Asker: 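One structure, as structure tokens, below. Some questions next.
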Amino acid sequence: MQSTTQLQAKGSTSSGLDSLKRNSRKQIHILCSQKKASILEYVKRAALEAVDVDLVLHVKPKNDNGTSLMDAMFHAILDQPKSDGRDSSTFGHILREAPEGKSFEMWNKKLKNNKFCLNGTANRFSTLFAVKSTEEITFIREAAYLTATMMKNFVVSKLENVIDEEKKVLHSTLMEETEKDFASGITGVVGAKYKNYCSNIAKTFLIDADHLQSRACGVLLKAHEVVIGSSKPGNGLNTTYQAAFFSRGKGCSGL
């Protein structure tokens, strides 16, 4: 097993760990629940045959914080020989994500105690997941359609009615009504999930806005329209950024 290692932390709950993944050149160690392990069993052979990678599953018992399994994973890393100028103490880490849950906090504590050198991998994972198949693009479009439909046909009209009639409605109540009106796929007031692909949309309602707020909103709306118009196949993100930047014009003066 080669010495280069990476870590990815995925999802957490208030009770603890969802899954932790540590990659090496020949092995991927995953600490997860029995349910996820059962799913991952199906890809073990495929991973080995396709890319010569051994998937090592560390199954965390229910109500266990996974401490002993974490120690085993760290020992496996530290036992790797240093070769090709690589240091086995280097860990790929998603630095911007704060740990949530006792298990993740325990993992981060052990990570610091072992004095690993952390190397940010967020951009690498982003690049890896950016490539989408035709089927995935369809799922993303469907998720976006569900969100846009809910926003247009229910949320906007509901909020406008609440504002116009000066009703007092809890955010939680509005969310529950939105979910009942639409489908179980709605994960928030303006979010939808379709075949594990999510989309979100936000809309700002200005109430008794002053002149400066109205101008700011107008500038943002114009920039939004320009961004949508310039987001076409073949255009780089720098093109979209420049279009939004120059769309501000004189309307931004004083903001």
Side-chain angles (χ1 to χ4, degrees), residues 4 6-11 21 23 25 28 50-51 90-98 100 117-160 178 182-183 185-207 209-255:
T4 303
Q6 294 182 332
L7 163 71
Q8 182 185 15
K10 302 189 70 174
K21 179 171 70 176
N23 301 339
R25 285 193 170 184
I28 298 179
V51 290
T90 300
F91 239 70
H93 187 65
I94 301 179
L95 299 171
R96 295 181 181 179
E97 292 190 0
E100 296 180 0
C117 177
L118 301 182
N119 184 18
T121 58
N123 290 337
R124 293 181 177 89
F125 278 111
S126 179
T127 301
L128 175 65
F129 296 133
V131 180
K132 299 290 188 295
S133 66
T134 302
E135 184 180 42
E136 288 178 302
I137 292 174
T138 298
F139 292 161
I140 294 171
R141 286 174 174 169
E142 290 294 334
Y145 174 77
L146 293 175
T147 302
T149 299
M150 175 50 60
M151 172 65 81
K152 178 181 178 181
N153 296 339
F154 181 80
V155 177
V156 171
S157 60
K158 183 68 176 180
L159 284 177
E160 288 178 342
T178 301
F182 191 53
I186 295 296
T187 57
V189 174
V190 284
K193 184 175 183 180
Y194 180 77
K195 292 186 181 295
N196 290 322
Y197 286 84
C198 303
S199 69
N200 293 282
I201 187 172
K203 186 176 181 68
T204 301
F205 290 83
L206 297 180
I207 303 174
D210 58 30
H211 178 65
L212 185 61
Q213 290 173 324
S214 296
R215 284 180 56 205
C217 184
V219 171
L220 289 174
L221 285 174
K222 183 178 179 181
H224 180 263
E225 292 172 356
V226 170
V227 167
I228 295 299
S230 62
S231 298
K232 298 178 180 179
N235 284 353
L237 289 179
N238 60 327
T239 302
T240 301
Y241 172 81
Q242 291 294 333
F245 183 82
F246 289 112
S247 73
R248 301 176 305 164
K250 296 181 180 179
C252 258
S253 177
L255 293 178

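Every value quoted in this text rests on a predicted model; they were computed, and no experiment measured them.
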Asker: Would you compute the distance between atom CD of Q242 and atom CG of N235 and round it to the nearest 0.5 angstrom?
Answerer: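 Q242 CD to N235 CG: 12.5 Å, rounded to 0.5 Å.
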
Asker: For K132, I'd like to know if atom NZ has over 12 heavy atoms of other residues, nucleotides or ligands within 6.0 Å.
Answerer: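 Above 12, so yes.
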
Asker: With sequence neighbours left out, what residues match F139 under ring-ring contact (aromatic ring centres under 6.0 Å, His included)?
Answerer: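 For F139, the residues satisfying ring-ring contact (aromatic ring centres under 6.0 Å, His included) (neighbours in sequence not counted) are Y194, Y197.
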
Asker: Excluding sequence neighbours, so at least two apart, what forms side-chain contact (heavy atoms from CB on, under 4.5 Å) with S230?
Answerer: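 For S230 the side-chain contact (heavy atoms from CB on, under 4.5 Å) partners, ignoring immediate neighbours, are T240, A243.
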
Asker: Around L237, counting heavy atoms of other residues, nucleotides and ligands shown, do more than 12 lie under 6.0 Å from its CG?
Answerer: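 Not buried by this count: 12 neighbours or fewer within 6.0 Å.
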
Asker: Sequence neighbours left out, what passes side-chain contact (heavy atoms from CB on, under 4.5 Å) with L220? Give chain and number order.
Answerer: none

Asker: How far apart are the closest heavy atoms of A143 and C198, and which atoms are they?
Answerer: CB-C, 4.3 Å

Asker: Check whether any side-chain N or O of T121 sits under 3.5 Å from a backbone N or O of R124 as a donor-acceptor pair, and report yes or no.
Answerer: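 Side chain of T121 to backbone of R124: no pair is present.
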
Asker: Can you measure from OG (S199) to CE (M150) and round to the nearest 0.5 angstrom?
Answerer: 11.5 Å

Asker: Please enumerate all residues that pass side-chain contact (heavy atoms from CB on, under 4.5 Å) together with T134, with sequence neighbours excluded.
Answerer: none

Asker: Roughly how far, to the nearest 0.5 Å, is the CD1 atom of I201 from the OG1 atom of T149?
Answerer: 10.0 Å

Asker: Quick one: CZ on R215 to CG on D210, what's the gap to the nearest 0.5 Å?
Answerer: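 Rounded to the nearest 0.5 Å, the CZ-CG separation comes to 10.5 Å.
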
Asker: With sequence neighbours left out, write down each residue that passes side-chain contact (heavy atoms from CB on, under 4.5 Å) with N238, or none if nothing qualifies.
Answerer: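 For N238 there are no side-chain contact (heavy atoms from CB on, under 4.5 Å) partners, ignoring immediate neighbours.
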
